[in-house]
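Notes follow once the structure below has been shown.
Naming convention: chains lettered A, B, ... in sequence-line order (proteins, then strands); numbering from 1 in each chain.
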Protein chains: 2
Amino acid sequence: MGLSEFDLINRYFGQGGALNQLRTDVELGIGDDAAIVNVPVGQSLVMSLDTMVSGVHFPENTPAEDIAYKALAANLSDMAAMAAEPNWLLLGLTLPQADETWLESFSRGLSQLANQYGLALIGGDTTHGALTVSVQVNGLVPRGQALRRSGACPGDLIYVSGQLGDAGLGLKLALAELDIDLEPQRRQYFLQRLNRPTPRLELGLALRGLASAAIDVSDGLLADLGHILKASGVGASINLEQLPMVDEVRDLSELWWRVPLTAGDDYELCFTLPADKQVAFELAIQDVECPCTCIGQIEAAPGLSLLLDGDNIDSENLKGYLHFD
Amino acid sequence: MGLSEFDLINRYFGQGGALNQLRTDVELGIGDDAAIVNVPVGQSLVMSLDTMVSGVHFPENTPAEDIAYKALAANLSDMAAMAAEPNWLLLGLTLPQADETWLESFSRGLSQLANQYGLALIGGDTTHGALTVSVQVNGLVPRGQALRRSGACPGDLIYVSGQLGDAGLGLKLALAELDIDLEPQRRQYFLQRLNRPTPRLELGLALRGLASAAIDVSDGLLADLGHILKASGVGASINLEQLPMVDEVRDLSELWWRVPLTAGDDYELCFTLPADKQVAFELAIQDVECPCTCIGQIEAAPGLSLLLDGDNIDSENLKGYLHFD
């Protein structure tokens, strides 16, 4: 990029910018060939990288600050699912051009969420090309206390946080694929849930030592719970009537279970809890501002059973319920 | 991506693949929401991220294995410049489609270089879109021993490794912008230097405790040495006749200093050495298979003087020498 573009990018992401939190564990931040950081003794480092492509992961008309917010939130959600506390972030930003208004908006969205959790931007790269955002987030967890997908056991209870299907409904609104009558503030609610998902970081920390397995719901409950079942070598039964949904999604779901079960982007946590940890769990989440709902349990036999008011919905019916293409 | 694409990508980058080195410092590799790794006590973690875009950072007809090799090499070069030993890698790969031949070739190029240095692929993301490769590389360095850009002092000698301008000449050949008569094996040499740069990792390690500053030459010597000068608050003088160049580049450079001075992609190291460390340095690099050449020295006064056979080439002449656009 030319000098003026370089200056522009430096203004928003360089040293001294809103994203360069002073953290004592950062020995050298942005501005050298690489960053130098220190992991405290007794802590493991948890690392993830997510890429979001314009027109694929977000509609092309998405505001820059929402793109930034969501790209970071998706990564922080991975940290939550591992029970890690995020600390450092690297950003790979590919842009068609360095537009000041866009960059200002993008950095505002990014710093808003980064600052909320005290994350420092310590490195990255800005390049020319089709709009693509790669965020690499790092977090800390006391050694041995990270949550994995592989620990679920028969009899464990299955929980999800928040509500399912909000982002799925939001996407249908954003793409004008859904014709329902909504008050402006409800419409705004669903778009916010799509564009500004809440990473369940406090919940993730509260689950340390309690949950047996966890994942974040980025690809839809069925797919993501499926990852836990596969990694743990178990099955599960889910009671559909217990799925946490707001009224609008519930109204849809009678006919259209696809939204709460298979729409992605909710970034809620799905986790399993040994039955004897229930009391400790209720205590641990008292101060976490996020409802958690038990939706079923882990079974020894492989496969996922969906129950609706006690009736097993077999795979043939399921296809109809889910409106699979 | 659809299931078959997922399977395909999993075959090349998933668990058990050629890229998943067994390393005792990797507690959990690919296959969960994030990876879990452990940094040994007394070591700092060095982190960098580079993005390469098709048609911008490499010609669109570049073979997939060269794209992978170069994307990783560029990051490893950053590790070399910090005197870090690389260990873990995350890959963000955006692809127009999941083509098996392309993926096989890409993973071959990546694993060839990764395995050479015992790097483990521990995470990443594969998405649909215009071909873009983000590599996030991590390395270890004993605390306090990383090399930075900011330590150069007046009187320090300035060195570069290898030869300058090879990749620049290679790019001109790749783009058919240069009409010179070359034997096939010399042509191949320059294309290799462009597509498969050698990260100077052994040299970087040998410079620990000796060099006062270091950077890798990715944007051309003038620009990258300029970063050292700016970060260190010093100036420098360079003797052009001492620049290490192969004959073909030297023949060009009489008229066309732009290639060795401003063409990027050489990924050699440029470093500064206190004069009293010269003997220890010569000893330290005895076993490093990479020549190092002294090309000038750090000056107290800011600015960069280019000398040719003792004559100062002032900035007006310089423009002519460099053929600036």
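Looking at B:M47, both its backbone and its side chain come within 4.5 Å of chain A, counting heavy atoms on both sides. For chain A, the nearby part of B:V53 is the side chain; its heavy atoms alone come within less than 4.5 Å. Heavy atoms of B:T132 lying under 4.5 Å from chain A belong exclusively to its side chain. If you measure heavy-atom distances from B:M79 to chain A, the contacts under 4.5 Å come from the side chain alone. Only the side chain of B:I122 comes within contact range of chain A, with at least one heavy atom under 4.5 Å from a heavy atom of that chain. Contacts between B:T51 and chain A at a heavy-atom distance below 4.5 Å involve backbone atoms as well as side-chain atoms. Proximity to chain B (any heavy atom under 4.5 Å) is shown, for A:S44, by both the backbone and the side chain. With a threshold of 4.5 angstrom between heavy atoms, B:N138 approaches chain A through side-chain atoms but not through N, CA, C or O. Proximity to chain A (any heavy atom under 4.5 Å) is restricted, for B:A214, to the backbone atoms N, CA, C and O. With a 4.5 angstrom heavy-atom cutoff, B:A35 touches chain A via backbone and side-chain atoms both. When heavy atoms are compared at a cutoff of 4.5 Å, B:V56 approaches chain A solely by way of its side chain, counted from C-beta outward.
Heavy-atom pairs under 4.5 Å with chain A peak, among B:V137, B:I36, B:N75, at B:I36. Counting heavy-atom pairs closer than 4.5 Å to chain A, the top-ranked of the candidates B:D216, B:L91, B:V39, B:L90 is B:L90. Between chain B and the residues A:M82, A:R149, A:Q43, the largest count of heavy-atom pairs under 4.5 Å involves A:R149. Each of B:S218, B:S48, B:A84, B:G42 has some count of heavy-atom pairs under 4.5 Å with chain A, and the biggest count is that of B:S48. Heavy-atom pairs under 4.5 Å with chain A were tallied for B:D50, B:V41, B:D224; the largest tally goes to B:D50. Ranking B:V46, B:I215, B:V37 against chain A, the residue ahead of the rest is B:V37, based on heavy-atom pairs under 4.5 Å.
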With side chain to side chain contact (heavy atoms under 4.5 Å, CB included) as the criterion, how do B:L45 and B:L140 come out once you've worked through the C-alpha distance, each side chain's angles and the decisive distance to 0.1 Å? CA-CA 5 Å; B:L45 185 64; B:L140 298 174; 4.1 Å; yes
Does the pair A:L119 and A:L19 meet the rule for a side chain to side chain contact (heavy atoms under 4.5 Å, CB included), with working shown? CA-CA 8 Å; A:L119 265 88; A:L19 281 153; over 6 Å; no
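To the nearest 0.5 Å, atom CZ of residue A:F271 and atom CG of residue A:L210 are 9.5 Å apart.
Taking both residues in full, the closest heavy atoms of B:V141 and B:A83 are given as CG2-O, 3.5 Å, listed atom of the first, atom of the second, then distance. Across B:V217 and B:G220, no two heavy atoms sit closer than the pair CG1-C, 3.6 Å.
Ring orientation note: the planes of B:F106 and B:F13 are nearly perpendicular, at an angle over 60° on the 30°/60° scale.
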